[in-house]
Amino acid sequence: MPKPGYRSRTYRRIFVRTPGSRNVVHYKRRKPSKAKCGSCGSQLKGVPRELPYKIRGMPKSSKRPERPYGGVLCSACMREKLIEAVRK
Amino acid sequence: MIEVGRVCLKIAGRDAGKRCVVVDLPQKNFALIDGQTRRRKCNIIHLEPLKEKLKIKKGSSHEEVVKEFKKIGIELKEKKKEKKQEKTPK
């Protein structure tokens, strides 16, 4: 049985063959889920799904698209909101 | 609706939400725009026409467009010129 901290399903088990020909289990964390649009719920493009230690090292422009509400709304929803605001 | 001089709102791309004016219509589905956006070609699907219309001629320069926008009340910011960095010897 793994130790209590590793029994959680947020860890995945990987079998590794060591140089001394033993098969051991390594525990790795799972990645977070994909980002979703704030209004329609569809998957957002251009937003990477990585653990925080990798995201922190990335430049800001590679974590979201370069447009208003990028990373928050999908492009279709953003267009609707802009047109609604103008047609009032 | 989309004609030379019509003020539009760009609804797609990195300059979405900015106002621009149609300066020329080179092809059937493309317009040359200028204003708060860069002076570039754009598909008319990505433009939302507004009520205002400016008095400009086809193919006007950037300075004329800036003047006409001031009459409506939209001030176009002038971009600072990039300083050329001198390469330092290692």
Side-chain angles (χ1 to χ4, degrees), chain A residues 8-12 14 19 26-88, chain B residues 1-23 25 28-56 65 68-80 82-83 85:
Chain A
S8 163
R9 295 314 295 144
T10 61
Y11 287 99
R12 54 195 179 101
I14 296 178
H26 280 193
Y27 294 90
K28 278 201 158 182
R29 297 216 71 184
R30 289 186 202 271
K31 284 191 193 180
S33 57
K34 279 221 104 181
K36 298 209 177 70
C37 172
S39 75
C40 70
S42 58
Q43 276 186 3
L44 286 178
K45 295 183 188 170
V47 183
R49 48 186 293 244
E50 292 286 349
L51 290 175
Y53 79 94
K54 280 203 170 169
I55 295 256
R56 257 184 270 138
M58 289 171 140
K60 183 175 168 184
S61 56
S62 43
K63 295 186 264 191
R64 65 182 182 32
E66 194 79 48
R67 61 167 182 259
Y69 297 104
V72 176
L73 296 179
C74 66
S75 56
C77 291
M78 179 205 69
R79 286 186 206 189
E80 273 177 31
K81 304 238 171 206
L82 283 182
I83 293 176
E84 260 182 59
V86 165
R87 285 193 185 166
K88 265 187 195 170
Chain B
M1 281 297 274
I2 305 273
E3 59 216 334
V4 175
R6 172 70 60 184
V7 176
C8 303
L9 185 87
K10 201 148 189 284
I11 56 173
R14 54 159 70 155
D15 32 20
K18 295 194 179 165
R19 277 149 214 267
C20 53
V21 68
V22 177
V23 170
L25 292 161
K28 189 181 164 195
N29 292 328
F30 282 88
L32 181 69
I33 56 169
D34 199 351
Q36 285 177 337
T37 66
R38 298 180 193 185
R39 190 179 175 96
R40 61 198 298 274
K41 220 170 53 165
C42 160
N43 198 325
I44 55 174
I45 299 174
H46 302 147
L47 292 174
E48 173 70 19
L50 302 173
K51 287 182 224 160
E52 293 105 5
K53 199 170 171 197
L54 295 184
K55 283 185 194 167
I56 53 166
V65 169
E68 292 290 325
F69 261 112
K70 252 192 175 171
K71 291 181 189 170
I72 309 183
I74 300 175
E75 287 264 359
L76 299 181
K77 282 186 205 173
E78 275 187 30
K79 283 187 185 172
K80 290 184 201 172
E82 281 182 29
K83 285 186 196 172
Q85 281 184 352

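Throughout, a chain's letter reflects where its sequence line sits, starting with A, and its residues are numbered from 1.
Salt-bridge annotation for Lys71(B) and Glu68(B): present, with a side-chain N of the basic residue lying under 4.0 Å from a carboxylate O of the acidic one. A salt bridge links Glu3(B) to Lys53(B): at least one charged side-chain nitrogen sits closer than 4.0 Å to a carboxylate oxygen.
No part of Lys18(B) comes within reach of chain A, as not one of its non-hydrogen atoms sits under 4.5 angstrom from that chain.
Taking Thr10(A) as the reference, Ser8(A), Arg29(A) meet the side-chain contact (heavy atoms from CB on, under 4.5 Å) condition, with sequence neighbours excluded.
Residues of residues 42-67 of chain A having a heavy atom under 4.5 Å from any heavy atom of chain B, listed by number: Glu66(A), Arg67(A).
Considering only heavy atoms from C-beta on, Arg39(B) comes within 4.5 Å of Val23(B) through its side chain. Using a 4.5 Å heavy-atom threshold, the side chains of Ile33(B) and Lys10(B) count as touching. Between Val7(B) and Leu54(B), some side-chain heavy-atom pair lies under the 4.5 Å cut-off.
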